[in-house]
J.: 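One structure, as structure tokens, below. Some questions next.
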Amino acid sequence: MFYESNKKVNHARFKPQTFALLNRSRKAGIGYSQCVLRPKTTEEVSRILSFCNEHRIAVCPQGGNTGLVGGSVPVFDEVVLSTSLMDQIISTNDTSGVLVCQAGCILEKLDTHLADHGLMMPLDLGAKRFLSSWRQCVKANGEVLDCLRYHLKHLFIGSEGTLGIVTKVAIQCPAKPKAQNVAFLGLESFQDVLKTMKKAKYDLGEILSSCELIDELSLDLVTSHLKLNSPISVYPFYMLIETQGSNNDHDEMKMNAFLESAMSDGLILDGTTTNEVSKMQSLWELRERITEGLTHDGYVFKYDISLPTKNFYSLVPAMKERLGDSAKRICGYGHLGDGNIHLNISVREFTQDILDKIEPFVYEFTSKLKGSISAEHGIGFRKPKYIHYSKSKESIALMKQLKAMMDPNGILNPYKVLPA
Amino acid sequence: MARVLVGVKRVIDYAVKIRVKPDKTGVLTDGVKHSMNPFDEIAVEEAVRMKEKKVASEIIAVSCGPPQAQEVLRTALAMGVDKGIHVEVAGPEYETLQPIHISKILAKIVQNEKVDLVILGKQAIDDDCNQTAQMTAAVLDWPQATYASKIEYGSKEITVVREVDGGLETIKCKLPAVVSADLRLNEPRYATLPNIMKAKKKPIQKLTPKDLGVDTSPRVQIVSVEDPPKREAGVILPDVDSLVGKLKEGGHI
């Protein structure tokens with residue numbers, strides 16, 4: 001049946017074999033899809049969904065396949081719809097700063113393209129997410145929607161492909177900062193981290209662009225498994241602070257003043273700061289490659305949790321106490337700026353026993369502190385049954401109603417986000 | 001203990017994309033991020049380690065270039081160098097400054113400062129000349145040990161392992177000598193905060209080539225600077241026979 005429908009789509013881009021790579025995501029799950037479709041245009045997405053909706057075929061949309069919760073991995077035999085070929089940049093307006101592109105564009109490529117226009121992707125303080133001003137989406141039944149009114153676009157953001165597939169976006173890009181400075185610091189305690197962050201917000205003000213926390217064991221992952229070099233010796237906590245602005249002299253002065261005073265206050269024990277491009281990249285690598293380091297550490301339970309700032313790190317000691325020797329490594333790192341911590345528990349091998357010790361304790365603990373699960377990585381496949389820890393019964397009911405209205409045949413990313 | 005001089009050059013950061021000027025007279029440098037030449041960082045690191053081992057008594061870093069060259073000197077000072085000398089050369093004079101001029105400048109400073117050992121990066125990543133260490137040794141009539149991947153220090157001589165095409169060569173050099181640092185000599189340290197702050201108080205002396213009696217008249221003329229040819233896409237061939245056919249077509253076999 002698919003072969004017929006795909007005569008409408010370019011034959012060369014239709015792959016009926018099982019795609020090992022696309023059926024697997026970062027060791028988080030393995031699916032059994034028999035088919036991958038790679039449309040190039042909104043038109044093609046529309047025709048695919050319209051066909052699938054009519055024939056009740058489940059579809060699993062897939063973007064970069066970097067998801068950690070199995071949201072982009074087919075569960076059973078869903079057809080994988082990959083946006084990897086939808087990577088066209090449609091237009092760039094230097095004056096308004098608006099970039100229009102297809103949804104399959106890779107962030108890094110966009111950034112490089114924008115740099116030529118003196119622009120950059122509008123990243124928020126925490127995750128490398130971006131905000132769009134307009135989106136074009138395709139609904140489950142194939143209808144193409146231009147989401148401008150009623151803030152319809154917000155419906156689709158965060159829905160993880162369960163309400164529709166985004167095919168095009170318009171992004172308001174700010175000017176590329178002329179100046180960037182990065183500091184990597186060593187601290188004694190989480191209390192010092194909090195005080196330093198508060199001070200950074202105050203002293204650095206508008207130029208503060210990132211504030212990351214890395215604990216000792218998280219850094220150890222990249223220094224021991226990936227052989228990266230740390231600029232300083234071992235400390236219980238590290239912070240990576242980045243500033244961006246339009247005047248390097250001004251920014252460097254502010255950064256140096258902040259660091260000097262934080263050191264004399266005894267908040268920072270040691271650190272380094274630089275505005276050299278290659279060095280800043282090396283420092284960011286220490287943070288960005290932690291997930292890679294984890295893949296060498298055994299079986300890892302990953303949790304992406306949002307907690308009130310003062311309790312940002314509380315889960316880690318709590319898990320250490322609860323699991324004791326049964327875990328190999330328990331570590332946490334994340335975006336202090338928006339209270340989003342990545343908790344990682346690595347064990348030599350997976351056992352149901354360990355899983356039972358971890359869940360639902362980790363969710364109960366989070367819920368008690370008024371935090372929420374899946375701050376950044378979404379609910380995906382592994383967390384729907386725990387969604388009730390962060391959302392009330394009423395909210396979940398509304399979400400289900402919305403889903404039923406947008407996707408009555410339930411073909412989009414079934415088994416994900418919402419509990420059965 | 002030896003008095004050591006290290007040469008540090010301000011170059012476009014290696015992670016930055018290089019753009020050729022539309023008029024093909026050179027590379028765009030205005031507003032582009034610069035940093036210390038990576039091989040020079042290795043040279044500085046070696047000198048600082050010598051000081052830590054109490055084999056060196058004082059380290060002087062020298063940089064020739066526009067006012068911004070002081071940034072590289074500050075980095076060197078933050079890594080542990082004792083004092084910096086900035087030989088100011090700017091504008092068109094700087095565009096045509098070559099190893100031949102630098103070597104004479106360094107030689108004069110070496111004589112003035114009574115230096116025993118000069119450590120330079122083996123080449124700059126912008127011009128890839130790989131000449132300054134050799135020329136400096138020639139001007140001074142000192143022995144040279146280039147492409148050093150290991151240095152052992154004696155009181156009157158050094159034993160250097162050099163990376164050469166055929167493998168590794170070990171030589172002994174009497175001091176004073178000139179050494180050029182290769183990639184595997186060491187891993188440079190990051191400048192840490194206490195040292196970055198201390199560095200602000202360390203002195204940077206300003207000189208001009210004239211002060212040193214060096215003539216910086218151009219010896220080369222840049223005719224044109226162009227991008228390398230664009231990399232073409234590959235072709236996927238269906239079988240071995242087509243591959244062999246294509247290779248023959250291209251004159252590769």
Side-chain angles (χ1 to χ4, degrees), chain A residues 12 108 111-113 115-116 118 176-187 196 223 227-233 235 239 241 246-249 252-253 255-286, chain B residues 8-20 22 28-42 44-45 48 67-80 121 125-126 183-184 186-201 227 236 238:
Chain A
E108 202 186 309
D111 235 358
T112 311
H113 163 83
D116 285 345
K176 189 173 163 65
K178 294 200 197 81
Q180 192 177 348
N181 282 274
V182 172
F184 191 87
L185 313 168
L187 304 99
T196 306
T223 52
K227 307 283 180 250
L228 297 186
N229 281 328
S230 167
I232 51 182
S233 46
Y235 291 96
M239 286 176 81
I241 293 179
S246 53
N247 184 320
N248 190 58
D249 290 339
E252 211 181 283
M253 199 175 65
M255 177 69 110
N256 287 335
F258 157 70
L259 292 174
E260 230 175 292
S261 117
M263 268 209 91
S264 63
D265 288 348
L267 291 175
I268 305 173
L269 299 177
D270 200 2
T272 185
T273 181
T274 182
N275 52 25
E276 290 180 25
V277 179
S278 46
K279 292 212 168 62
M280 291 193 290
Q281 282 179 3
S282 302
L283 290 176
W284 266 110
E285 260 190 52
L286 295 170
Chain B
V8 293
K9 187 180 182 187
R10 177 179 180 262
V11 296
I12 295 179
D13 190 291
Y14 72 77
V16 171
K17 186 172 179 215
I18 304 290
R19 285 194 166 86
V20 176
L28 278 170
T29 54
D30 264 347
V32 177
K33 300 281 165 73
H34 286 65
S35 53
M36 190 191 296
N37 183 38
F39 291 105
D40 299 351
E41 276 185 347
I42 296 173
V44 171
E45 175 64 27
V48 174
Q68 300 97 311
Q70 288 192 59
E71 291 160 11
V72 213
L73 285 172
R74 284 280 164 225
T75 308
L77 292 169
M79 284 173 74
I125 59 169
D126 50 8
L183 201 62
R184 276 158 282 270
N186 60 48
E187 177 108 34
R189 67 193 61 194
Y190 281 87
T192 54
L193 291 177
N195 293 322
I196 293 174
M197 290 172 212
K198 269 190 232 156
K200 296 201 185 127
K201 306 200 177 77
D227 275 303
I236 296 182

J.: Does any backbone or side-chain atom of A:Leu259 lie under 4.5 Å from a heavy atom of chain B? Answer side chain, backbone, both or neither.
T.: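 Answer is both: backbone and side chain atoms of A:Leu259 are under 4.5 Å from chain B.
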J.: If you round to the nearest 0.5 Å, how far is CG of A:Asn256 from CE of B:Met197?
T.: 7.0 Å
J.: Answer with yes or no whether the side chains of A:Glu252 and A:Asn275 bring together a donor and an acceptor at under 3.5 Å.
T.: yes
J.: Determine the option with the most heavy-atom pairs under 4.5 angstrom with chain B, choosing from A:Gln180, A:Gln281, A:Met263, A:Met280.
T.: A:Met263
J.: Would you say the side-chain atoms of A:Thr272 pair up with the backbone N or O of B:Ala191, donor to acceptor, closer than 3.5 Å?
T.: yes
J.: Assess whether salt bridge (charged side-chain N to carboxylate O under 4.0 Å, His left out) is satisfied between B:Lys9 and B:Asp126, documenting all intermediate values.
T.: CA-CA 10 Å; B:Lys9 187 180 182 187; B:Asp126 50 8; 2.9 Å; yes
J.: Against chain A, label B:Lys17 side chain, backbone, both or neither, depending on which of its atoms sit under 4.5 Å from a heavy atom there.
T.: neither
J.: Measure B:Glu71 against the heavy atoms of chain A and call it side chain, backbone, both or neither at under 4.5 Å.
T.: neither
